[in-house]
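The basis for the numbers below is simple: all heavy atoms, side chains too, and nothing from hydrogens, waters or symmetry mates.
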Amino acid sequence: MPHDHDDHDHDHDPLEQGPSLRVRALEELMVAKGLIDPAALDRIVEYYERETGPRNGAKVVARAWLEPDFRDWLLRDGTAAIHAMGFTGYQGEHMRVVANTPKLHNVVVCTLCSCYPWPVLGLPPAWYKGAAYRSRVVREPRAVLKEFGLDIGTDIEIKVWDSTAEIRYMVLPLRPADTEAFTLEQLAGLVTRDGMIGTARL
Amino acid sequence: MPHDHDDHDHDHDPLEQGPSLRVRALEELMVAKGLIDPAALDRIVEYYERETGPRNGAKVVARAWLEPDFRDWLLRDGTAAIHAMGFTGYQGEHMRVVANTPKLHNVVVCTLCSCYPWPVLGLPPAWYKGAAYRSRVVREPRAVLKEFGLDIGTDIEIKVWDSTAEIRYMVLPLRPADTEAFTLEQLAGLVTRDGMIGTARL
Amino acid sequence: MDGIHDLGGMHGFGPVPIETGDYVFKAQWQRRAFALAELLGGPVPYSADQHRQEIERMPAADYLKLDYFEKWIVGAEALLLQAGLVSEEELRTGRKLFDVDVARHPKVDAENLVAIMRSGAQLNFPDDARRPRFTVGQTVRVTKDSPSGHTRAPRYLRGRTGQVVAGHGVFQFADAVAAGRGPEPQHCYTVAFTARELWGRDAEAADMIHADLWESYLEPA
Amino acid sequence: MDGIHDLGGMHGFGPVPIETGDYVFKAQWQRRAFALAELLGGPVPYSADQHRQEIERMPAADYLKLDYFEKWIVGAEALLLQAGLVSEEELRTGRKLFDVDVARHPKVDAENLVAIMRSGAQLNFPDDARRPRFTVGQTVRVTKDSPSGHTRAPRYLRGRTGQVVAGHGVFQFADAVAAGRGPEPQHCYTVAFTARELWGRDAEAADMIHADLWESYLEPA
């Protein structure tokens with residue numbers, strides 16, 4: 001990837017190469033063409049790293065555990081219930097929440113790319129975007145979940161949700177035992193990202 | 001692929017690397033273990049390069065053009081007719097010959113690997129084993145054949161033969177016009193490998 | 001497009017790299033790549049479906065080899081080229097060779113973009129005028145159509161029979177958006193398939209696999 | 001195994017490289033690799049189906065990247081390892097670390113091997129005792145079974161309906177041979193599929209695609 005322009009104010013690390021250099025070259029070209037404002041890049045990253053993420057989803061889950069009416073609403077109209085909590089935005093326009101039960105385990109995937117509910121879970125982890133998870137979880141969910149340390153017997157049904165259109169999925173995990181006295185904040189602290197993808201129990 | 005043994009009589013080219021070095025290392029290891037006779041490698045290559053190849057298939061085709069009874073036999077029982085001409089061996093144990101007509105064009109592929117009738121056509125060319133031919137010829141044979149310079153209108157039916165089991169396929173091409181006076185040798189001289197795969201007309 | 005991106009059901013990718021893959025960004029350049037691909041959707045402009053389609057058009061070997069965020073950049077570069085906003089040489093050298101009409105390709109202000117990102121895109125349509133062809137509970141079959149462009153009917157469902165378990169109303173149609181034909185809105189449904197229907201006697205257990213499928217992917221069974 | 005080797009119908013591989021691909025061997029090492037993989041089938045021993053299976057087990061990215069004949073060597077090395085005839089370290093260094101029992105793994109004499117190659121393998125079985133389940137003209141469906149081991153029912157035919165156009169008698173069954181279960185002989189048929197059945201409305205024309213399929217891949221339709 002030759003990159004020999006000298007009309008900019010970054011010093012290129014001579015060891016910088018491959019994708020890193022490619023991205024920097026494109027960024028600088030786009031700035032030079034007036035197509036982007038470089039400060040906007042930082043702002044976008046800041047937005048996703050600060051304002052989205054699994055802590056949002058955890059609040060939704062904890063509230064559903066505490067408030068039966070909210071739980072009903074969430075499962076009936078995930079979009080409205082989640083938006084009402086302020087978790088809106090790209091890749092979260094249309095939400096469906098699927099509830100685990102003692103006899104049913106849900107797990108979410110996007111076999112075609114990496115669709116994922118950004119407002120409530122943030123950006124997806126690397127494994128979610130990788131070939132192994134995407135190829136296998138629709139065919140052998142139990143074998144895949146076992147790699148996550150989750151042993152789902154054949155007496156428990158698995159429902160796999162492949163995010164092939166504009167609806168994004170989130171799993172409502174089972175509430176852990178002995179949490180009757182927990183506050184919303186305490187409950188939310190128990191909820192993990194993988195629990196809401198379906199690759200972990202809580 | 002480090003390769004640092006010194007108990008053999010080849011000098012390694014310092015520029016030799018990758019697959020070439022890997023093959024040489026395995027060959028020498030196998031010789032050292034007494035599992036192979038290195039002279040046998042040359043003999044195998046010599047056999048395939050000298051005794052098999054499309055000149056064999058061309059003789060079968062030319063004979064079918066000249067002798068109606070042989071043609072009938074060839075199309076009815078390709079194995080027996082071809083074996084009777086002495087073209088036997090690995091990857092040619094079971095043969096089916098499919099005849100082109102003015103309204104029908106046949107083309108052969110192996111989508112799963114590279115099955116090919118070695119005794120009559122030799123070893124397959126690189127493109128036959130490659131991903132583009134194997135993936136596309138079952139789905140868009142006309143587009144593929146066009147890349148070979150062959151324009152097959154939709155008024156001509158195409159039959160694709162995917163060599164998925166132990167039967168190997170050969171196409172009996174149409175005899176070129178104005179060859180009534182040709183001898184068997186002259187006719188065989190017109191027959192090309194691609195004509196017998198189905199990616200060329202004669 | 002039945003490309004390598006359509007991974008559902010394929011073998012050959014080993015165990016899930018959970019330990020080493022449990023991150024969003026591993027390097028700073030990945031953050032920049034993500035943001036750059038998001039940001040360029042404004043001035044170029046392009047949609048998520050067009051961006052996905054360009055990633056799907058990559059040679060299969062590259063798709064498997066390149067980092068996820070490098071693929072996002074490959075997709076953005078392809079769309080910039082198609083829009084005539086860059087040349088191959090510019091991408092190769094990183095040096096600007098011509099100016100673009102920024103009035104026709106206005107850059108997006110950071111706060112505006114974040115505001116849009118926070119409110120979300122408009123993906124669905126009022127469905128009063130369109131009656132759904134299928135109803136919840138109905139048995140449907142995914143067509144065998146195998147388009148060479150972007151499609152969201154994965155190959156592992158092609159020709160298979162399932163049951164409509166939800167109707168979602170009318171959405172823009174990804175295939176049409178990616179092809180540049182506009183939204184061509186259609187009803188979209190969740191369809192449930194048994195593992196046995198998809199994998200035959202090699203199904204792991206009596207599970208259900210769900211996918212969201214646009215109406216034109218489906219036919220009555 | 002629904003691996004990357006099962007290429008039928010996939011997009012993403014560009015035009016056929018006819019100009020640059022019109023050779024059998026491009027380098028001397030390819031000749032040696034071919035002969036080595038053929039020759040080792042004797043002493044190890046292994047069958048073509050086992051060798052194919054090892055190639056299919058390669059990571060998909062390697063399958064697309066490696067030279068065809070290098071893949072043959074990868075397959076042979078895997079079978080040598082499984083037979084306990086080499087160690088990983090021997091393969092890595094090229095230096096012999098232990099001897100093998102050559103009485104149990106006798107090398108094949110060149111002239112003997114060429115004689116066998118010239119006469120061919122025994123792949124079919126007398127079929128007097130086995131009645132074919134299907135007849136020429138019958139409509140059949142390829143099962144949806146999706147085994148994780150070697151199979152010769154390609155994915156693009158899975159679940160699709162065709163017509164038996166020929167019966168070939170009884171052959172050793174590739175899936176069983178590759179799995180080390182022995183020949184498990186079965187009837188084998190040629191089945192014809194319409195392009196429309198395979199690709200739906202995206203079929204190029206009213207063509208027929210044929211495949212040779214063992215009886216256990218098929219069910220009455």
State whether the number of non-hydrogen atoms from other residues, nucleotides or ligands found under 6.0 Å of R118(C) atom CZ is greater than 12.
yes
Using non-hydrogen atoms and a limit below 4.5 Å, what part of residues 49-66 of chain A faces chain C?
E49(A), E51(A)
What I want to find out is whether D42(A) reaches R31(C) closely enough, with some N-O distance under 4.0 Å, to be called a salt bridge.
no
With sequence neighbours left out, write down each residue that passes side chain to side chain contact (heavy atoms under 4.5 Å, CB included) with A60(C), or none if nothing qualifies.
I4(C), F13(D), L64(D)
Do the non-hydrogen side-chain atoms of E70(C) and R22(A) ever get within less than 4.5 Å of each other?
yes
Does some side-chain heavy atom of R139(A) sit less than 4.5 Å from a side-chain heavy atom of Y156(C)?
no
Partner chain C: residue of M30(A), H94(A), E46(A), Q91(A) with the largest heavy-atom pair count (under 4.5 Å)
H94(A)
Which residues in residues 147-175 of chain A have any heavy atom closer than 4.5 Å to a heavy atom of chain C?
E147(A), F148(A), T154(A), I156(A), E157(A), I158(A), K159(A), V160(A), W161(A), D162(A), S163(A), T164(A), A165(A), E166(A), I167(A), R168(A), Y169(A)
Taking the side chain as every heavy atom from C-beta outward, state whether I44(A) and F34(C) have any pair of such atoms under 4.5 Å apart.
yes
How would you list, in number order, the residues of residues 195-202 of chain A that have a heavy atom less than 4.5 Å from chain C?
none
Non-hydrogen side-chain atoms of R193(A) and D22(C) separated by less than 4.5 Å:
yes
Rounded at 0.5 Å granularity, tell me how far CZ in R32(C) sits from CG in L26(A).
11.5 Å
